[in-house]
Protein chains: 2
Amino acid sequence: MSGGVPPGLSFSEWQAAGFDATACPVRNVLDRIGDKWTALTLSALAERPRRFSELHRIIPDISKRMLTQTLRGLERDGLATRHVFPTKPPSVEYRLSPLGRTVLPPLGGLVAWAAENFPEIRRARARFDAMPETGGE
Amino acid sequence: MSGGVPPGLSFSEWQAAGFDATACPVRNVLDRIGDKWTALTLSALAERPRRFSELHRIIPDISKRMLTQTLRGLERDGLATRHVFPTKPPSVEYRLSPLGRTVLPPLGGLVAWAAENFPEIRRARARFDAMPETGGE
DNA sequence: CGGGATCCAGAACGATACTG
DNA sequence: CAGTATCGTTCTGGATCCCG
């Protein structure tokens, strides 16, 4: 077979949405999971539900502000749910929704690709960056 | 089966990279394809090689600046190659590299998920946004 | 035609301090 | 514990003009 386009990546899908960021499903999803912390948070929630401070512990580099914001984004899109236990002090648990679980396989596919091909990408970058700028001596 | 984590999404993959954006494969890949135009450009190149102006025609919303920048990024990462034909005026063709082709299936998986679940996400957002802010009357 | 250079607005993000 | 509020910085992307 020569030059087949994988299903789901056809150009017409984007064109149907008219490139409008509000209407384009791909841009909406990429804007969410392409941000700095969502994919990582998703993966942390994939194993099991986690409390806020637990997430913060296992993702040390994230600030509370960004963790909150990331979780709100997931909650807003219906990918995760938030459960408050009125203990003292309060504890809040986040868990993936059924919808949220369905994104794990496709996301995992991309993650696997990244892990597998990153060495080659790094080499490509090194080569590219070492190239003399056009006209350079 | 209860609560299995899909392969390739395990938390330890991130932890192994120490969350360092420079070293983390997932962040590197997501930073690239998560940007505003890369996924769309990739999809445009999936069908067949395209010339610069051709890409610009079929993705009208992108500026020349961003199209150039996006293509440079793909080239740098070894996902696409650039071929200059010294005609007059010059014409430049871009095409996916073998490595670039391998990203299409996983990316396509995510695109398909986006297309399929965007309606539900929109409903979730509408519900979330309609919720009274905590403490609102 | 296929860019590069410059400028600028807005968004994303980090650090810090405060709160129920 | 689980946030919110505020501030400052950095990064992204759009507009415009110029060039071979």
Side-chain angles (χ1 to χ4, degrees), chain A residues 19-22 24 27-28 30-41 44-45 49-76 80-95 131-136, chain B residues 19-22 24 27-28 30-41 44-45 49-76 80-95 133-136:
Chain A
F19 304 114
D20 179 14
T22 307
C24 174
R27 276 254 48 81
N28 267 273
L30 249 39
D31 282 348
R32 178 71 58 206
I33 69 133
D35 74 4
K36 197 167 181 183
W37 300 109
T38 296
L40 184 54
T41 303
L45 291 174
R50 308 251 191 199
R51 292 183 41 192
F52 184 89
S53 51
E54 192 182 356
L55 286 168
H56 203 184
R57 247 197 320 283
I58 63 181
I59 314 178
D61 290 12
I62 197 174
S63 65
K64 283 193 299 183
R65 181 184 180 283
M66 287 315 295
L67 181 54
T68 300
Q69 188 171 305
T70 301
L71 290 166
R72 286 284 175 283
L74 291 175
E75 199 192 350
R76 182 167 112 99
T81 56
R82 179 173 177 270
H83 306 271
V84 182
F85 300 98
T87 55
K88 193 173 86 85
S91 80
V92 179
E93 186 188 83
Y94 293 90
R95 64 173 64 208
M131 283 194 347
E133 306 71 50
T134 318
Chain B
F19 304 114
D20 178 17
T22 307
C24 175
R27 276 255 47 81
N28 267 273
L30 248 40
D31 282 348
R32 179 70 58 205
I33 69 133
D35 75 2
K36 196 168 182 183
W37 299 109
T38 295
L40 185 53
T41 304
L45 292 175
R50 307 253 192 196
R51 291 183 42 192
F52 185 89
S53 51
E54 192 181 357
L55 287 167
H56 203 183
R57 247 197 322 281
I58 63 182
I59 314 178
D61 290 13
I62 198 174
S63 64
K64 283 195 299 183
R65 180 186 182 278
M66 288 314 296
L67 181 54
T68 300
Q69 188 171 305
T70 301
L71 290 167
R72 285 287 173 282
L74 291 175
E75 199 192 349
R76 181 168 113 99
T81 55
R82 178 173 178 269
H83 306 271
V84 182
F85 300 98
T87 55
K88 194 172 88 81
S91 79
V92 178
E93 186 188 82
Y94 293 89
R95 64 173 63 207
E133 306 72 47
T134 318

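Within every chain, numbering begins at 1; the chains are lettered A, B, ... in the order of the sequence lines, protein sequences first and strands thereafter.
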So, does B:Arg50 use its side chain to make a donor-acceptor pair with the main chain of B:Tyr94 at under 3.5 Å? no
Could you give the distance from CD1 (B:Ile33) to OG1 (B:Thr41), rounded to the nearest 0.5 Å? 12.0 Å
One character per nucleotide, please: for nucleotides 1-20 of chain D, 5' to 3', B when the base has a protein heavy atom closer than 4.0 Å, S when only the sugar-phosphate does, - otherwise. SBBS-B------BBB-----
What are the bounds, 5' to 3', of the part of DNA chain C that sits under 4.0 Å from heavy atoms of chain A? C:dC13 to C:dG20
What's the angle between the local helix axes at either end of the helix from C:dC1-D:dG20 to C:dG20-D:dC1, using five pairs per end and rounding to 10 degrees? 40°
Contact check, side chains of A:Leu55 and A:Leu45, non-hydrogen atoms, under 4.5 Å: yes
Test log, rule side-chain contact (heavy atoms from CB on, under 4.5 Å), inputs A:Ile59 and A:Trp37: CA-CA 9 Å; A:Ile59 314 178; A:Trp37 300 109; 3.9 Å; yes
Nearest-0.5 Å distance that lies between atom CZ in B:Arg51 and atom NE2 in B:His83: 14.0 Å
Test of understanding: with salt bridge (Lys or Arg N to Asp or Glu O under 4.0 Å), list the residues that count as partners of A:Glu93, not counting sequence neighbours. A:Arg95
Please list, one pair per line, the donor and acceptor atoms closer than 3.5 Å that link side chains of residues 64-74 of chain A to other protein atoms, with sequence neighbours excluded.
residue	atom	partner	partner atom	Å
A:Thr68	OG1	A:Lys64	O	2.9
A:Thr70	OG1	A:Met66	O	2.7

Close side-chain approach of B:Val92 to B:Arg82, heavy-atom, < 4.5 Å: yes
Might you point out which heavy atoms bring A:Thr87 and A:Ser91 nearest each other, and give the distance in Å? OG1-N, 3.5 Å
Salt bridge (Lys or Arg N to Asp or Glu O under 4.0 Å) filter on B:Arg32, not counting sequence neighbours, yields B:Asp77
